[in-house]
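Since the structure comes first, as structure tokens, the remarks are kept for the end.
No hydrogens, no waters, no symmetry mates; every other heavy atom, side chains included, goes into these values.
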Amino acid sequence: MALAKVSESDRKKIIWNFMEELWENYLNALENNLPTKFNLLDFFNFGTLKDGFTENDKLYVIKQYARESGYIKISGTEVSVTKKGLKEFQKDIHDWDINM
């Protein structure tokens, strides 16, 4: 199945939504002494955005971003925050916030 052409604006929106949700999940996991590795397909972002993109389109964007940024690690269907990602999350403005 071919992936849709995702514009740069839509790509940024997908990344921003995902990263913000990942950070909320991460903080919740720390607070409640839960695992900090998450199933990619459990993210709210993939199921509810009515933006014309498939789950595969969004997964492709997130996996590409993981490779480019180094902020997250994806292994199979699991995603976790890297040390580099933790540093970025601590900033007031994140790389994924730019031009949102």
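Under the side-chain contact (heavy atoms from CB on, under 4.5 Å) criterion, E24 pairs with no residue, sequence neighbours left out. Taking S7 as the reference, D10 meet the side chain to side chain donor-acceptor pair (under 3.5 Å) condition, with sequence neighbours excluded. Here E20 pairs with W96 under the side chain to side chain donor-acceptor pair (under 3.5 Å) rule; sequence neighbours left out. Remark: K83 engages no residue in a salt bridge (Lys or Arg N to Asp or Glu O under 4.0 Å) (not counting sequence neighbours).
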Residue pair Y65, D95: steps toward the side-chain contact (heavy atoms from CB on, under 4.5 Å) verdict
CA-CA 11 Å; Y65 184 72; D95 283 353; 4.3 Å; yes
For L40 and F18, run side-chain contact (heavy atoms from CB on, under 4.5 Å): C-alpha distance rounded to whole Å, both residues' side-chain angles, the deciding distance at 0.1 Å, then the answer.
CA-CA 10 Å; L40 272 171; F18 181 84; 3.7 Å; yes
Given Y71 and M19, is the side-chain contact (heavy atoms from CB on, under 4.5 Å) satisfied, shown in steps?
CA-CA 9 Å; Y71 297 143; M19 294 301 283; 4.1 Å; yes
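For the atom pair CD1 (I74) and OG (S80), the distance works out to 9.0 Å, reported to the nearest 0.5 Å. Separation of atoms CZ (F43) and NZ (K58) is listed at 13.5 Å; rounding is to 0.5 Å.
By the rule that hydrophobic residues join a cluster once side-chain heavy atoms approach within less than 4.5 Å of another member, L41 and I15 end up as members of one cluster. If you chain together hydrophobic residues whose side chains sit under 4.5 Å apart, L27 and F38 fall into the same group.
Two residues are said to be in side-chain contact when any heavy atoms from C-beta on lie closer than 4.5 Å; I72 and I62 meet this criterion.
Pairs passing the side chain to side chain donor-acceptor pair (under 3.5 Å) check and including a residue from residues 26-40, sequence neighbours excluded, read N28-N32. Within the structure, every pair that satisfies the salt bridge (charged side-chain N to carboxylate O under 4.0 Å, His left out) test and touches residues 63-73, not counting sequence neighbours, is listed here: R11-E68.
Counting only distance, with no hydrogens or angles, the side chain of D97 and the backbone of H94 share a donor-acceptor pair below 3.5 Å.
Residues P35 and A29 come closest through the heavy atom pair O-CB, 3.4 Å.
The local environment of CD1 in I93 is sparse, with at most 12 non-hydrogen atoms from other residues, nucleotides or ligands closer than 6.0 Å.
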